[in-house]
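Written below as structure tokens is the structure these notes are about.
Ligands are counted one by one from 1 in listed order, and the atoms in each one are counted from 1 as well.
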Amino acid sequence: MKKRVLPLARVYRLLEPGPVVLLATTRKGRANVMPMSWHMMVEFEPPLVACVVSDRNYSFQALKTIKECTINIPTVALAKKVVGCGNCSGRTVDKFAAFGLTPRKSSRVAPPLIDECYASLECRVVDTRLVNRYGIFVLQVLRAWHDPSVKRPRTIHHRGFGTFMVAGREIRMASGKP
Ligand SMILES: Cc1cc2nc3c(=O)[nH]c(=O)nc-3n(C[C@H](O)[C@H](O)[C@H](O)COP(=O)(O)O)c2cc1C
């Protein structure tokens with residue numbers, strides 16, 4: 001392989017961690033949503049998820065204060081809405097109305113589930129020790145929802161600068177790992 005030096009600012013594009021998700025929060029009784037690609041699993045059960053939310057985002061203060069959110073996983077069908085939600089702020093825009101997203105009542109937390117997403121996780125913030133340093137919130141998933149009819153979700157994976165990779169193809173290999 002003929003490798004060349006890659007600018008350090010582009011390293012994140014190699015290690016994009018997973019599907020772009022929509023993080024829904026509630027602040028002053030109003031729901032908001034932001035796309036998020038920097039997240040990772042840190043425990044199987046109870047499921048723990050670490051995610052990076054910048055303090056420049058309106059969602060940051062909501063998550064820090066209310067300590068609840070939902071993580072909603074869209075497919076490529078929602079790509080335009082997802083990017084639209086990332087190009088404006090809940091400070092000035094009601095994104096649910098602006099992008100035609102449907103809020104559904106969660107069972108364990110205040111922020112809503114997003115109906116158009118094929119999976120949704122109701123989460124509570126359980127560890128804030130890395131928030132001031134890195135904007136990392138550790139969330140515990142309290143309840144998970146999915147549409148079992150979506151067999152191979154065509155999730156979108158952020159590769160930077162408006163480029164996304166679309167998932168969907170599955171291969172099977174012998175592996176004992178869960
Ligand atoms: C594909 C994509 C992925 C993003 N990932 C993150 C992320 O992981 N963390 C973050 O803080 N912001 C991320 N953003 C930026 C926020 O979604 C964006 O700043 C948004 O407008 C914040 O909305 P808010 O001010 O209503 O909270 C991402 C944006 C896009 C389009």
With a cut-off of 3.5 Å and sequence neighbours excluded, list every side-chain donor-acceptor pair involving residues 25-47.
{"unit_1": "Arg30", "atom_1": "NH2", "unit_2": "Gly90", "atom_2": "O", "d": "2.7"}
{"unit_1": "His39", "atom_1": "NE2", "unit_2": "Pro19", "atom_2": "O", "d": "2.7"}

Pairs under 3.5 angstrom only: tabulate donor-acceptor contacts from the side chains of residues 124-145 to other protein residues two or more places apart or in another chain.
{"unit_1": "Asp127", "atom_1": "OD1", "unit_2": "Arg129", "atom_2": "N", "d": "2.9"}
{"unit_1": "Asp127", "atom_1": "OD1", "unit_2": "Arg129", "atom_2": "NE", "d": "3.1"}
{"unit_1": "Asp127", "atom_1": "OD2", "unit_2": "Arg129", "atom_2": "NE", "d": "3.3"}
{"unit_1": "Asp127", "atom_1": "OD2", "unit_2": "Arg129", "atom_2": "NH2", "d": "2.6"}
{"unit_1": "Arg143", "atom_1": "NH1", "unit_2": "Ser107", "atom_2": "OG", "d": "3.2"}
{"unit_1": "Trp145", "atom_1": "NE1", "unit_2": "Glu122", "atom_2": "OE2", "d": "2.8"}

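The line from CD of Glu16 to CE of Met165 is 5.0 Å long, rounded to the nearest 0.5 Å.
Taking all atoms of both residues into account, the shortest heavy-atom contact from Ala167 to His157 is CB-NE2, 3.6 Å.
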Ligand 1 polar-atom proximity to protein (N/O, under 3.5 Å):
{"unit_1": "ligand 1", "atom_1": "5 (N)", "unit_2": "Ser37", "atom_2": "N", "d": "3.0"}
{"unit_1": "ligand 1", "atom_1": "5 (N)", "unit_2": "Ser37", "atom_2": "OG", "d": "3.4"}
{"unit_1": "ligand 1", "atom_1": "8 (O)", "unit_2": "Ser37", "atom_2": "N", "d": "3.1"}
{"unit_1": "ligand 1", "atom_1": "8 (O)", "unit_2": "Trp38", "atom_2": "N", "d": "2.9"}
{"unit_1": "ligand 1", "atom_1": "9 (N)", "unit_2": "Val52", "atom_2": "O", "d": "2.9"}
{"unit_1": "ligand 1", "atom_1": "11 (O)", "unit_2": "Ser54", "atom_2": "N", "d": "2.8"}
{"unit_1": "ligand 1", "atom_1": "11 (O)", "unit_2": "Asn57", "atom_2": "ND2", "d": "2.9"}
{"unit_1": "ligand 1", "atom_1": "12 (N)", "unit_2": "Asn57", "atom_2": "ND2", "d": "3.3"}
{"unit_1": "ligand 1", "atom_1": "14 (N)", "unit_2": "Pro35", "atom_2": "O", "d": "3.4"}
{"unit_1": "ligand 1", "atom_1": "17 (O)", "unit_2": "Pro35", "atom_2": "O", "d": "2.8"}
{"unit_1": "ligand 1", "atom_1": "19 (O)", "unit_2": "Asn57", "atom_2": "OD1", "d": "2.8"}
{"unit_1": "ligand 1", "atom_1": "21 (O)", "unit_2": "Gly86", "atom_2": "O", "d": "3.2"}
{"unit_1": "ligand 1", "atom_1": "21 (O)", "unit_2": "Cys88", "atom_2": "O", "d": "2.7"}
{"unit_1": "ligand 1", "atom_1": "23 (O)", "unit_2": "Lys95", "atom_2": "NZ", "d": "3.0"}
{"unit_1": "ligand 1", "atom_1": "25 (O)", "unit_2": "Tyr58", "atom_2": "N", "d": "2.9"}
{"unit_1": "ligand 1", "atom_1": "25 (O)", "unit_2": "Ser89", "atom_2": "OG", "d": "2.7"}
{"unit_1": "ligand 1", "atom_1": "26 (O)", "unit_2": "Asn32", "atom_2": "ND2", "d": "2.8"}
{"unit_1": "ligand 1", "atom_1": "26 (O)", "unit_2": "Gly90", "atom_2": "N", "d": "2.7"}
{"unit_1": "ligand 1", "atom_1": "26 (O)", "unit_2": "Lys95", "atom_2": "NZ", "d": "2.9"}
{"unit_1": "ligand 1", "atom_1": "27 (O)", "unit_2": "Tyr58", "atom_2": "N", "d": "3.2"}
{"unit_1": "ligand 1", "atom_1": "27 (O)", "unit_2": "Ser59", "atom_2": "N", "d": "2.8"}
{"unit_1": "ligand 1", "atom_1": "27 (O)", "unit_2": "Ser59", "atom_2": "OG", "d": "2.5"}

Show your working on side chain to side chain donor-acceptor pair (under 3.5 Å) between Thr70 and Asn72 and close with a plain yes or no.
CA-CA 6 Å; Thr70 64; Asn72 304 272; 2.9 Å; yes
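Residues passing the side-chain contact (heavy atoms from CB on, under 4.5 Å) test with Thr163, sequence neighbours excluded: Arg13, Arg159.
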